[in-house]
Structure formats: structure tokens, C-alpha cells
Amino acid sequence: MLGPLFGFTDDDLVRLRARAEEIQKQQGENAPQRISLYGALLLTVNSGEDTPFTGKVRAFYARLTELRRMARSVPAEQLLEEIFASTGYLAALGVMENGARRREDARRFASFCAGAGSGGISALVRAIDAAALAGSTGQDTVPGGSRPGCVTVMTIHRSKGLQFPVVFVADTARRFNAADTRQPVLLHRMYGAGLRLRPEEGEGAYKTAAYTALSNVHAAEMRSEQMRLLYVALTRAQDKLILTVPLGIGKTSNPFTRAAAFLEAGAGQTLCRQANSFADWLRAALLVHPNGGPLRRLAEDLELPFADTGSTITLTVQQALPEGVEPPDPEPEERPLAQADPALTEALRQGFAWQYPAAELARVPAKVSVTGIVHKAEQTTLERPGFLAKDGLTAAEMGTALHAFLEHADFAALAAAKQAGTLETAIPAERDRQVEAKLTAPEIAEKLDAGRIRRFVESEAFARICAADEVLRELDFITALPAAEVLTAQGTDSADSAAVAQAKVLVQGIADLVLVFPNHLELLDYKTDRRKSEDDFLAAYRAQLDLYALAISKRFAPKPVTYKGIYSLELGKLIEVK
């Protein structure tokens, strides 16, 4: 408040505090409390008085509130640039004692904020505290953020608040990023939302009126921001500004001719609103400059009026080479070959020759399922499409139905029916029970093969089930098994490697039936697929039963698995796996 920006004096601050005490008394406080200067400011702002002094205080508070709101969402260097531009702070510093030094200090602080304040005001405060603890005052910084004999490459954003003796502005033909104007949903803090809608019938989407309006608003704001950036870029130079602008002249297009037509028709604002790059604005501006004769010749309009800017520029037009003509290659400069560093060469050779010591483990899976191991080489069976479902169940679906029936079957009731000779009625009754309990779908239960179920109940496998102390169905397990055994089950040769020998693989699976006896375990697995002979079943499922036996023996130790059997519902017999 006491600085040159707002013009408050010491008497004004005393008056501000005195006025705050009067307001407190008017509000009924006999003994006014001591309040801060900011509190006195708020009391004066909210007092409702309309005097030149209160107006001055309200103007200061409004500006302070605007800057505080801006500080919540913009980087520190952008906030400083806004303060410099809107308050004339740099100009005020320039007329004070040691004005040049004060202005340079402000620019130096802006350069510091561009790097340290990218994370917000809090990050900038932490960086200032760290610099103070390190004893750095910033006085050794070279004016303008540059160093003698060096070229500084930075973005326009990073150059805010800085100045350099010579500035090159390159890549002016880069198109503006207009992605915000093409989003499916456009939002604006003042004008709301705009959508692209899809027709009820047909493909694609069309732009609504609200969407088109918001797209134009976003495009205008985007160009306004880009013009502000161009202004920043053009005002960084102290002595010389060098611009590189591509001519953009093609076989069918000449941007200078188009710009000249707009300017001569008095449609310069329309031309600016249609610009897609810095180069579009620069071409139009240079066309009407007093020194823009070479460009007006390119536009074939030497009578285009120009604006007397009072500035002097030098234009150099670099014409492209004729088509098919390449620039001559510069003669290569012969340089003596430097001798290689023997120590570095040996270090690189050893580094590139390094091999992973446990390379054999690369082919060992970390976790597998037993079904995945056994059926790794088999062809995958896809689910039958829905339009074929009405034609009945396939053999695979019928096998799944038999498997589901045995999973939920009441073995005790079936054993009693077998003893009483009433299996003909017990099997349909068990099927109906599962349908009623929603264990089996009705359309599947209707097509169950009762004959195969009867053969299973009368088989040796069912006799073993009835003799067990406990029957565990669909027993899921996950355990660690030696990697060599898993590789063997997959049909892969296990290498004689210490790493493979010590490695473990998590194996997961579900055993159909585990029969628990006092001193041992028996493992049964029923299959519904069609194999030609017992040898076919053994070749296909021996590895699966072996892995099941290893995992279950480990889980129920010290009880061993003494019997492994496959019951084929197709063959109607129990096959022992040895």
C-alpha cells in the first residue's frame, strides 16, 4: 500500500486504523479491540461509505482480491507477469532511485520464479527459504538471466520477465493447438456446455448450435492467448530481434496474396481471427510495414497502403532452390582419428558380454494352472453360438452336464438306492432335486444320460467313494511345486541348471474327488470326453493326476496319495494311473 503502485501514505494508514475504531464503536463495542491492518481494511471496505478515501481503499482491495484469486490457479511467473503488466510496476521502479538496478532485480526474481515456482506459490516459498538458508542473495546473477558467451534456449513461457541483447524467435509456422475446440463435450466457465449428438439412425455425430458457439468461443480465447505469447516473444530483445518466418508459397497457394486481399478490403480483423500460427500474423504485419516492399512484391500488390510505424526493420527473403536441385554438400573436414581409450574399450566389451546368470529361469512360469499345463498343446474349443443352442446339446455340453450332476449328487442316497435296487427311480429323483435347488439348469437336466450315471453308481469308483471316511469334491488348491516337475508335465525338457533345480512354480487346480482314509488318500477324476482306449486316457491325463497327487500330498502331509484313478463315463470303467 505504501509502494508506488497504489499511492497510500503513512497518514492514510493511520486514518484507516482510526476509521476502523470508529466503525467498531458504531457497532456497539465500548472498548474497540486491537485489529490488524487487514482487518481495518475489511471494516472500511464493508462500511458502506462513499468517500474518495473509501473508494481508494475499495479499489486496492478489489485488485488484491483479483490477484489472490489468480494465484490459486496459475504459476508464480504468470502471476508476476500479470502484476508487472497491469500495475505498471516495472515503470514505477524505473523512476525511483537506482531504478535500473531495481528493474533488473524484479526481472531476476521473475526468472527465479520461472524455475522454482512451477509447482505453485508454496513451492516458490520453499525455494526462497532454501536459498536463504544457503546464504544466496541472487546478487551474482547476470542481468537478463543470460551468461556471457552463451546462447540460452527457452520457451516463450520461461522468458517472461527477462530480456536479452539479441533474441531469435523461431518455429513461427507451428500451428496453434486447437484440440480444446474439437472435444466431444465443450465446457466454458461462463457459457455452459455444448455437445455433439448422434442421430437415432445412422453413424457419425453432428454439431449442435451450442457446440458450434462454444467452439468459436474457445478458438477466440485460444488465439487471444497465443497473441499474448507472441507479444511476450517480441518484447524480450534489448538490441536486436530476429524473426524467421516461412514464406509458405506453394504451387497453388500464396499466403501473401491472400493477406494482401484481406488488408486491402479492410478485413484485417477477419484475417487475424483466421490465423493458425504466429507466421500468419507476422506476414500480415510485415506486409503493411514501410520496409515490407519485398513481401508486397511477393503478394503482387505494390499499391497496398502501409502503416507508418516509425520503426526500422531489415527484410531478407531467402528463395528456395529450383525443384530437383539440391544444395551442394559442404566438403567434409578431414580430422585425425582419435585413439580409443583402452580402459574404456575393455569396460564396454565386458559390459556388452554380460549374460544373465539365471537365463534358464526365463522359460519357467511363475504361476500356472494344472488344466493349462495338461491342455497346453490341445486345440481350444470355443463356445457354440447362441443360434445353434435350440438344436440340442453337443457332446461337450452333455459332458459338462454329467460333470455338474456328479458334482452335486447325493452319494449317500444313491448308495442306499443301489442297496435297495431302486436306482431307476432314485436317479430321476436326484436330477429333479438338483433342478429344484437350482444346481442344474432344467434344459440340461432333461438331457442327462441316466444310463451312464447308473453305470457310475455300479462301478468300482463308486464303491471306493462309499468306503472312504470323507469325500472332498471340487477341492481347489494352490501350492508351490519344483520347476523341473512342472516343465516335465508341460512336455518341456528341464535343463540341468542349479537355478531351475531350486526354482518353485505356483500350481493351481481343482481336484474332482479326494477320498480320505485313516492312513492314506485316494484321488479320482472323472472324464466325459471320448477317447478310444485306456491308453489314450492315460497319455492325456497322467501328468494332470501326477501334479494333483503332488499338490494334495503336500497339503495333507503326512498322509500319502496311494491311488490315482480316472473314471471314464464314456467307457464306463475306472482306469488306474500308476
Any side-chain to backbone donor/acceptor pair from Ser224 onto Ala220? Under 3.5 Å, distance only.
no
Flag if over 12 foreign heavy atoms under 6.0 Å of CD, Gln269:
no
Sidechain-backbone polar pair: Arg103 side chain, Leu90 backbone, donor-acceptor under 3.5 Å:
yes
Please work out which of the three classes, parallel, tilted or perpendicular, describes the rings of Phe8 and Phe53, given edges at 30° and 60°.
perpendicular
Counting only N and O atoms by type, is there a donor-acceptor contact under 3.5 Å from the side chain of Arg223 to the main-chain atoms of Arg273?
yes
Is a donor on one side and an acceptor on the other found under 3.5 Å between the side chain of Asn291 and the backbone of Ile313?
yes
Look up atom NZ in Lys207 and atom CZ in Arg196, then write down how far apart they are to the nearest 0.5 Å.
7.0 Å
Is there a donor-acceptor contact under 3.5 Å linking the side chains of Thr54 and Thr51?
yes
Ignoring hydrogens and angles, tell me if any N or O in the side chain of Asp280 forms a donor-acceptor pair with the backbone of Cys272 under 3.5 Å.
no
With a 6.0 Å cut-off (strictly less than), is the heavy-atom count around CZ of Phe352, excluding the residue itself, greater than 12?
no
Is there a donor-acceptor pair under 3.5 Å between the side chain of Arg283 and the backbone N or O of Pro246?
yes
One pair to check against side chain to side chain contact (heavy atoms under 4.5 Å, CB included): Met222 and Phe176. What are the steps and the verdict?
CA-CA 8 Å; Met222 178 267 295; Phe176 299 148; 3.5 Å; yes
Report yes or no: does Thr212 contribute a side-chain atom to a donor-acceptor pair with the main-chain N or O of Thr208 at less than 3.5 Å?
yes
Is it true that Glu66 and Arg63 make a salt bridge, defined as a side-chain N closer than 4.0 Å to a carboxylate O?
yes
With no hydrogens and no angle check, just 3.5 Å: does a side-chain donor-acceptor pair link His188 and Glu221?
yes
Side chains of Gln274 and Arg258, donor plus acceptor under 3.5 Å:
yes
His218 side chain vs Ala179 backbone, donor-acceptor pair below 3.5 Å
no
I'd like to know if Arg228 pairs up with Glu225 as an ion pair, taking the criterion as any Lys NZ or Arg NE/NH1/NH2 lying under 4.0 Å from an Asp or Glu carboxylate oxygen.
yes
Polar side-chain atom of Arg296 near backbone of Asp301 as donor-acceptor pair, under 3.5 Å:
no
When you compare the side chain of Phe256 with that of Leu247, does any pair of heavy atoms fall below 4.5 Å?
yes
Criterion side chain to side chain contact (heavy atoms under 4.5 Å, CB included) on Tyr211 and Leu195, from CA distance to verdict
CA-CA 5 Å; Tyr211 183 92; Leu195 306 176; 5.6 Å; no
Does Asn216 offer a backbone N or O that forms a donor-acceptor pair with the side chain of Thr181 under 3.5 Å?
no
Check this for me, if you would: do Asp105 and Arg102 make a salt bridge, where the nitrogen-to-carboxylate-oxygen distance has to be below 4.0 angstrom?
no
